[in-house]
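In what follows, every chain begins at residue 1, and chains take the letters A, B, ... in the order their sequences are listed.
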Amino acid sequence: MNSLDLKPQMKPNNTVPIVGAVMVVGGGIAGMQAALDLADQGFKVYLVETKSAIGGKMAQLDKTFPTNDCAMCTISPKLVEVGRHPNIEVMTQTEILDIRGEVGDFTVSVQHAPRYVIADKCVACGDCSNVCPVIVPDLFNQGLNKKRAISKLYPQAVPNAFYIEKRGISPCRDACPAGQRAQGYIALIREGRWEDALRVIKMDNPFPGICGRICNHRCEDACNRGLVDEPINIKALKRFVTDKVYAQPRKPVEPVTPIYSERVAIIGAGPCGLTAAQDLAKAGYRVTIFEAMPVAGGMLRLGVPEYRLPSAIVDREVQDILDLGVELRLNTQVNNLDDVFAEGFDAVLIAVGAHEGIRLKIPGANLEGVLVNTHFLRDVRLGRYGQRTRDTQLSAQDLQFLGKNVLVLGGGNVAVDCARTALRLGSQVAMACLESRDNMPAHPWEVNAAEEEGVQLFPGLTFEQIIGDEAGHVKGVECMRVASFSFDEIGRLHVEKVPDSNFVIPCDTVIFSVGQRAGLAFIPQDAGVGITQKQTIAINPNTMAATRKGVFAAGDSVSGTAFVIEAVASGHKAAESILRYLQGEALERPPKPELPVVHLSQQEIEDRIARGEIHRQKRVPIPELPPEVRRNSFAEVERGYDDESAMAEAARCLACGVCSECMSCVFACGANAIDHDMAPSHEEVHVGAIILAPGYEIYRAEFSEEFGYGRFPNVITSLQYERILSASGPTFGEIQRPSDGILPERIAFLQCIGSRDQTHDYCSAVCCMYATKEAIMTKEHHPELDIRVFMMDMRAFSKGYLAYFERAKKKYGVDYIHCRISSLNEDPNTHNLRITYFDETNQIHTEEFNLVVLSVGMEISNEVRNLGRRLGVELDDYGFCHTVQFNPVETSRSGIYAIGPFREPKDIPESVVEASGAAASVAARLAPARFQLTVTPQFPPEKDVSGEEPRIGVFVCHCGSNIGGYLDVPAVTEYARHLPHVVHAEDNLYTCSQDSIRHITQQIKDLGLNRVVVASCTPLTHQPLFQDSLRSAGLNPFLFEMANIRNQCSWVHSHDWDSATQKARDLIRMAVGKAALLEAQKTFAVDLQHSALVVGGGLAGMSASLNLADQGFNVYLVEKSNHLGGNLRNVFTSLPLEVGLNSLVSPQELVDYYERRVLENPRIQIFLNSTILDHHGFMGNFTTKIEKEDGERLEIQHGITILAIGGEEYRGNDYQYGKHVGILTQMELEDRIAHQPELIKQIRSIAMILCVGPAENYCSRICCTVALKNALAIKDINPNAKVIIFYKDIRTYGFKERIYKTAREKGVIFFRYDDTCKPNVITDTRNTSISIQAHDLNLGIDFTMDFDLLALAMPVVPAKDAKALSTLFKAPLDMDGFFLEAHVKLRPVDVATEGIFIAGMAHYPKLAEESIIQAQAAAARAARVLSREHLTAGGRVAVVDPEKCTGCLTCVRICPFNVPQIKSNLLGVGKIQGAAFIEPSVCQGCGTCVAECPARAIQLMHYTDAQIMAKISALFEESELILNS
Amino acid sequence: MEDTYQILAFCCEHCAYAAADLAGGLRIQYPPSIKIIQIPCTGKMDIILALHALEEGADAVMVAG
């Protein structure tokens, strides 16, 4: 594909509608910039981000190079701007699924992952996070510290809302039939929050004390901790916390007042019936439970022995349910189901359990002394048996005693209960069962306990008959041994017995424990309720509905015997169905999206252990009563944990699901913003174009095992080190190494980790500089530290980078060593790292460091690769996006653009430039649809309050507990009410909630307020929001003042209630003091010229002109020479890179093509051979005087100016240049290669010297690449030619590294030199050869070589007229003479003077592709201005009172934005002509001129001297106020 | 320094004021006698304002930006 064909900007087919919206994918700095540039020029933008907040990697950085600006301070205003922009819709936690359609009209299908917090309601108070018990690694801090499962990505996150991290359902919860949130209550136990833990348990299970004792805890079998050592002892923890709370006086349960008239009858007061009763009562229904027995609790009370489950626990938990208002009728046998309906119940739940024991039909089964399990256990629990040892002497008539020799038939848990109970009644006990010892159905720990207590086991037997004595009383059981047994498909037992193995086990009592079933006699045949063959009630298992309408059944009576927790689950399910039935809904519950179950892999476990997140530690044992004590007592066998053991055990939990849904946050959130039931949602979005800015991920250093990352705690990544350096990071900016938190004395930086290695043939372009920055920042903190940087080349290739690097070396003493290290080992005792390396003189060294920082490179994540594939854009093998070489930000799919490191590794300013460049390309395509979908907020007309007495309203915020928890908000509010001019004061829970915002508007109207003070968080994030409520009430937004009583008061004085309260009073008094003097500030519209001046007709100038013309703006293109094309006219070969789809276009074709398009474009007016004489005016309305070739002078009016005057190749006499015909510049060499290849064929050798002349002071960025390009071209023409390059550092950044690699492969020879041993060129006019004396650093020897040619890499230097134009356009130059951008990182094409932009080599040396992008970026920035209907002026601007002005020029000189001018038509002091004027449409409102003006003739609106002084005075006025009140 | 000294800090809204907000977010404690006044830029800081503060009773004035 040829890019020339791609260039026409609009599709000729006008029938395709153009959508005036753009989707930007990726919320990092590049995505944010693209979004802002587009939204500002009239396009609706959807900014899509997969994380919960925008900000990307830049938000994680500490400082930025080369200015050492704080990254967060720089990006934070942009974050706020994006977040508040009316035409940017930020879609967080959103993935692109698919894109259909074509440029101009795409349909993007997106999926939003649930945040679980309603962002619009969340006020970011953080109360939720304070109570969240789940601790997870903080990935924003690169896992260096922990955070809570509900959190913000980082403090300044936009959107300013919390989110909940959910990975899935923890296996413990999944395994539990009732879905107990075990992970949740375990986490709360770890924090010592017993009541909260019990609350979590009770949400799913009304019987925590019971289940804490007798549950079969399948949760523990599923627990992932088992993969580490042993599962968490969940059952014991549950019991512990119940005991803990129950030991406190019982808090009364609030009864629920029924809200419905319908009544529900529940038959059976067992765990199932009680659970359902609880749910129905809580839902507002009236519930009656019918219980045949004299006590409630069912099997819990009558089936489970006291020694396992004390009655008191059952009674307490039953009472908690009854107290809700449930009616319980004890001793009430339901004899017929119809009776219940006859009594007026609307629904019936049958939950009668399975209380009928089964007697095997064998001879002797009805002899005297033969009992069945359920009746036996029930009689014991009802106190009908005496304990032989203790009660033998008692003569209570109704007390009976069990036989002396008891044989329990059966091997299940109930059989064990019977055996152990019988033992406690004083009998000798044996158990016989069909199964072998190892296959008994009872839990092994139950069988063991029974054996320990003295129960004799007879496993593997059949019971042939029970033998009676003459009196008809049991005397033994005849058994046979079992050879094998099996069940057939309908559940019938088949046993193979050992022949002739009959024997008799003597006993006087037999207890059958071979199963039990429900007693269903009360359901007559004609009741309409079906019964199954197994004597259970037939139900629909999804709804628990029986075959008769209004009848439901649950628990053991439908399932057969099961565990308590199943009865609970069944009860919940039945209750839910009954609710649906009573409310007339379909019984089947609609399907609910469920999270996956989290099964940790062994690999993940090992990784987490390696990272130190998990420490191997077996479960904390539970104390038990010794067997000799428990044998004679019904006292509980198992004892509970103490506090310390419980917390230690709880701390072992791996928090598999991350959020455990413990609901603590829901209870804590005063704004009702949390919704745990949120589900993923899909959306189709229509846009005209898409910009992909998904960013990079850092190389996963654990893959380079030799550096020990992940194994050695003190080997960290550079991003981790950024977080350590950051004041808001895990160590608050203190430099501490991970192993022991101690300040490392020696730090090594290892460069090129995941770059320029065997698996990466590219350079990541940023690592050299960020390592240097990190080294400098470290030295700034601690100058005494010893820092080594091990690197291959120092790639300080961009503006200001080389000086920065030199500063690191010379000023800060950072030590750089050119090498890759040989090995890295750890001293396991000190965790110090030993590094072995060869220096440049081949000496071997081993040195010890306390900390090693790996400078990790950039990679494209799998997610982004998959995204690229889904969208059908071409990627390279590394996942980087292919773009068209000379249309550099467009992907292979028309209308989809790629920017930032997704195209090629790059730093922040280049990403920002690409963002703006892509915005320009998009704007050119979608220009007809500008302002089609954008909105402008509408407000009522403003009232004039200027003549009114101040009527101030004060609104004081509690911010949940963030302010109210640390100072006395009501008292402060009361105080505010009595301040001067205050007519109203109130406090609000959240002043920024949507309700409160509306409320403030209403209060302004109702109370006639004309000034408003809000005392809450910070104006930096919230002022515009509150100002909108003023505007909605018709008040000017400047009549507003904030008192920062949270960030600068309650949070920073959180241990001093009284002082914080006093300070809040002070701050509010100060705000009120200023508010009384506030004045409305008018803004007004200023007309502007919708045309541009572009100075310079090179590639950059032509690109910028074309883009602006394509966007529909008229352009004046002024070129001083007689042709267009600039330096590109001297470039003949493209870079030998397979970077794009198009390597067919040669530079000359490209420049011709651009020239043709410029010439053809009717919107571009070209002035060749023309010079600029004068330039004045301000953004929107500039006037420039031009002198044309023919001497004609004309004035043009334009709204903006783009300076694209280019640069030129240095031509100094360094290295004998000019003294020998064989000494060329690289540009001259390129010309020879292109036009005289035969000469190149003849040469035997050529030398190149890099970093010539001025390039010793600044890196000219492109020379290495150009030299290597030419070297390869020579090798292509003449493979035998010897090519030797003398260099300091090879700076082939990004993919240009591949040229370096190819050059080395093709035999180009590289000699490094440094400032101490520069090559020396010797020419002899008689001889054609050129001699170079040089020093080999490796061998330590000097040598001399002869060459046919020498090519000097002459740097690009500023254009000659740069200085003159700088003065004319008030566009300052940097130290090296290039134009200086307004901000190195974030405003790289803007000049500090508003309305002036720079592009191309006028800014800094760059390659053709880079110039095109930068020119487009300048066009985008210009279009932000030109696309506006008018400019807005006024507000917070400086205003000169000309009558005080002496015209001294102080303001003119001091203004960093070059705004003030002395106007001759204004009269100053003494009516003398000439006074300063500050154009309000371009004034930045910094107030510098105000402070400097010696005549005090300037005031900054909204910050007048009077206003600030009033604020100051108010601080010290308290005593007067008190006296006056 | 005594905690009761009244210190008035004039902070640039772009950096120092934002940093003070962040200090709050990180719950870094400092004496309550320090009060912060937001200004648009430290360039706006005027000696008159500092003198006025001292005159009114401030023990110290700090300019941060």
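- Here NE2 of B:H14 is found 11.0 Å from SG of A:C73. Values are rounded to the nearest 0.5 Å.
- Heavy atoms closer than 4.5 Å to chain B are found nowhere in A:R1046, neither backbone nor side chain.
- For B:A19, no part lies under 4.5 angstrom from a heavy atom of chain A.
- Among A:D1505, A:N962, A:T74, A:L1515, the residue with the largest count of heavy-atom pairs under 4.5 Å with chain B is A:L1515.
- Counting heavy-atom pairs under 4.5 Å between each of A:R1436, A:M72, A:Q156, A:K1074 and chain B puts A:R1436 at the top.
- Of all the heavy atoms in A:S1513 and B:H52, the pair that sits closest is OG-NE2, 2.8 Å.
- Heavy atoms of A:Q1484 lying under 4.5 Å from chain B are absent altogether.
- Considering only residues two or more places apart in sequence or on other chains, A:V1482 meets the side chain to side chain contact (heavy atoms under 4.5 Å, CB included) condition with A:F1178, A:M1179, A:E1394, A:V1459, A:E1479.
- Heavy atoms closer than 4.5 Å to chain B are found nowhere in A:M1042, neither backbone nor side chain.
- Separating the CD atom in B:Q29 from the NE2 atom in A:H1055 is a distance of 4.0 Å, to the nearest 0.5 Å.
- The CD1 atom of B:I37 sits 4.5 Å away from atom CD1 of A:I1512, with the distance rounded to the nearest 0.5 Å.
- Between B:Q38 and A:N1044, every side-chain heavy-atom pair lies at or beyond the 4.5 Å cut-off.
- Rounding to the nearest 0.5 Å gives a distance of 9.0 Å between NZ of B:K44 and SG of A:C1489.
- The heavy-atom pair separating B:P32 from A:H1053 by the smallest distance is CA-CE1, 3.2 Å.
- Taking CE from A:M1509 and CD from B:E55, the interatomic distance works out to 8.5 Å, rounded to the nearest 0.5 Å.
- Residue contact with chain B, scored on non-hydrogen atoms closer than 4.5 Å, is absent for A:A1438.
- Between A:L1500 and B:P40, the closest heavy-atom pair is CD2-CG, 3.5 Å.
- Residue B:L49 touches chain A through both its backbone and its side chain, counting heavy-atom pairs closer than 4.5 Å.
- A pairwise comparison of heavy atoms in A:F1516 and B:A58 identifies CZ-N, 3.4 Å as the closest pair.
- The minimum heavy-atom distance between A:T1488 and B:C41, with the atom names listed, is OG1-SG, 4.2 Å.
- A donor-acceptor contact shorter than 3.5 Å links the side chain of A:K1063 to the backbone of B:I34.
- Residue B:F10 touches chain A through its side chain alone, counting heavy-atom pairs closer than 4.5 Å.
- Near-neighbour residues of residues 1017-1026 of chain A relative to chain B, defined by a heavy atom under 4.5 Å from a heavy atom of that chain, comprise A:T1018, A:P1019, A:L1020.
- Both the backbone and the side chain of B:L26 have a heavy atom closer than 4.5 Å to some heavy atom of chain A.
- Heavy atoms closer than 4.5 Å to chain B are found in both the backbone and the side chain of A:C1486.
- Using a 4.5 Å cut-off between heavy atoms, A:S728 touches chain B through backbone and side chain atoms alike.
- For the atom pair A:W1051 CH2 and B:D21 CG, the distance stands at 9.0 Å (nearest 0.5 Å).
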